[in-house]
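In what follows, a structure is listed as structure tokens, so that the remarks can point back to it.
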Number of protein chains: 2
Amino acid sequence: MPNNQFKRGELYSVINGMASTAVARRLQKNFRLAGLEITIEQWSVLYHLWKEDCLSQQELCTRTFRDKPSITRLIDNLEKQKLVKRMASKSDRRINLVCLTDAAKVLQDQTIELANQTMNEALIGVNKDEIETVKAVFQRVYDNLT
Amino acid sequence: MPNNQFKRGELYSVINGMASTAVARRLQKNFRLAGLEITIEQWSVLYHLWKEDCLSQQELCTRTFRDKPSITRLIDNLEKQKLVKRMASKSDRRINLVCLTDAAKVLQDQTIELANQTMNEALIGVNKDEIETVKAVFQRVYDNLT
DNA sequence: TGAAATTAGTTGCATAACTAACTATATGCC
DNA sequence: GGCATATAGTTAGTTATGCAACTAATTTCA
């Protein structure tokens with residue numbers, strides 16, 4: 001493959017390695033420094049509920065790219081921390097609607113601000129076109145594999 | 001921020017979300033379909049040992065971007081599967097050198113080929129310049145945060 | 001209508017991640 | 001030499017992930 005000399009194997013570690021690990025650790029650290037006890041995984045669930053409250057667990061699976069057991073347990077933990085509540089759907093008794101509590105609503109602005117700050121730190125020296133390229137490539141990769 | 005209208009919070013999920021999850025799942029699935037019983041995390045350790053055998057656990061931490069407990073347990077599991085062996089360093093008795101067994105050496109070509117194929121699937125329709133941009137951005141993000 | 005297939009969610013098991021606290025060895029420095 | 005400090009690795013506890021197997025409710029369709 002004369003026109004493809006970069007090592008594809010290396011690319012796996014680019015996509016799954018250092019950068020995403022570093023960003024996740026920094027964001028978790030920034031939450032902790034702010035006295036927030038939530039994990040970044042829990043935050044990513046809340047993030048979607050802030051955009052649209054009372055989603056089904058299946059819908060949260062789709063939006064957060066997780067499988068059903070992962071969401072079940074994330075919701076279990078969020079419920080223990082009184083950040084969400086499972087409400088039975090009236091139209092379909094199989095469905096749990098996951099709704100925010102007041103305690104979770106209070107966290108929205110602060111945590112999103114922390115996420116924005118973290119990404120600002122992470123993206124120093126990266127321009128907007130480069131960011132758009134990364135987003136487009138990642139969307140393409142996702143579409144290719146699903 | 002008139003010149004920065006993209007949502008930074010969204011970028012967290014770009015870097016840590018769908019694409020890396022999808023690639024990891026696909027690579028794991030391709031290992032499984034080929035009858036290989038190793039996890040992608042174990043594979044990433046072996047990958048560095050194929051490049052340079054008999055590294056210390058600390059060196060593996062650095063190269064795989066993991067912390068020490070993670071490497072301890074990955075090596076525990078790799079040792080159970082007889083893919084690596086801990087050897088005492090002669091110059092420094094604190095150090096374990098982690099060395100490949102013959103069984104692990106046999107896996108090198110096959111698994112790297114599977115990783116290359118997986119990345120080829122993932123990167124259909126993505127050109128070389130875009131890949132270089134992703135790599136550069138991720139290196140920059142990593143450098144910014146460490 | 002009623003059996004088969006689909007969908008929503010849970011549980012069990014194995015692996016892996018992070019933090020904090022720990023042991024053992026090596027190094028620095030007075 | 002000997003004490004303080006740093007480094008290599010392990011252990012314990014909590015959270016998260018993936019897969020497979022499971023229950024319960026709903027939909028399909030003959």
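Every heavy atom of this structure was used, including side-chain atoms; hydrogens, water molecules and symmetry mates were not. Note on naming: letters A, B, ... go to the chains in the order of the sequence lines (proteins, then strands), and numbering restarts at 1 for each one. This structure is a prediction, so every number in the text was calculated from the model and none was measured.
- Each salt bridge (Lys or Arg N to Asp or Glu O under 4.0 Å) pair with one or both residues in residues 72-87 of chain A, not counting sequence neighbours, appears once here: A:Asp76-A:Arg86, A:Glu79-A:Arg86.
- B:Glu41 and B:Arg66 are not joined by a salt bridge, as no carboxylate oxygen comes within less than 4.0 angstrom of a charged side-chain nitrogen.
- Residues B:Glu121 and B:Arg26 form a side-chain contact, since some pair of their non-hydrogen atoms from C-beta on lies under 4.5 Å apart.
- The distance between atom CE of A:Met87 and atom P of C:dG9, rounded to the nearest whole Å, is 15 Å.
- Between B:Gln58 and the phosphate of D:dA8, there is a side-chain N or O to OP1/OP2 separation shorter than 4.0 Å.
- Looking at B:Arg94, its side chain comes within 3.5 Å of the base of D:dT7 through a donor and an acceptor atom.
- When the P atom of C:dA8 is taken as reference, atom CG of A:Leu55 falls 13 Å away, rounded to whole Å.
- One atom, CG of A:Leu78, and another, P of D:dT14, lie 18 Å apart when rounded to the nearest Å.
- Salt bridge status for A:Glu59 with A:Arg63: present, with a side-chain N to carboxylate O gap under 4.0 Å.
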Treating primed atoms plus P, OP1 and OP2 as sugar-phosphate and everything else as base, which nucleotides of nucleotides 15-20 of chain C get B, S or - for protein heavy atoms under 4.0 Å?
SSSBBB

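- B:Asn96 places its CG atom 15 Å from the P atom of C:dA24, with the value rounded to the nearest Å.
- A distance of 5.0 Å separates CD in A:Glu52 from CG in A:Leu55, rounded to the nearest 0.5 Å.
- Between A:Phe138 and B:Phe138, the ring centre distance stays below 6.0 Å.
- Using a 4.0 Å heavy-atom distance criterion, A:Asp76 is classed as making no nucleic acid contact.
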Derivation of the side-chain hydrogen bond (donor to acceptor under 3.5 Å, both in side chains) call for A:Gln81 and A:Asn77
CA-CA 6 Å; A:Gln81 295 176 259; A:Asn77 284 330; over 6 Å; no

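- Atom CG in A:Leu27 sits about 14 Å away from atom P in D:dA16, given to the nearest Å.
- Listed pair A:Arg93 / D:dT27 fails the phosphate criterion, with no side-chain N or O lying under 4.0 Å from OP1 or OP2.
- Per the geometry, CZ belonging to B:Arg86 stands 15 Å off P belonging to D:dA8, to the nearest Å.
- Regarding A:Lys68, its NZ atom lies at a distance of 12 Å from the C1' atom of D:dA20, rounded to whole Å.
- Rounded to whole angstrom, the span from the CZ atom of A:Phe31 across to the P atom of D:dT15 amounts to 17 Å.
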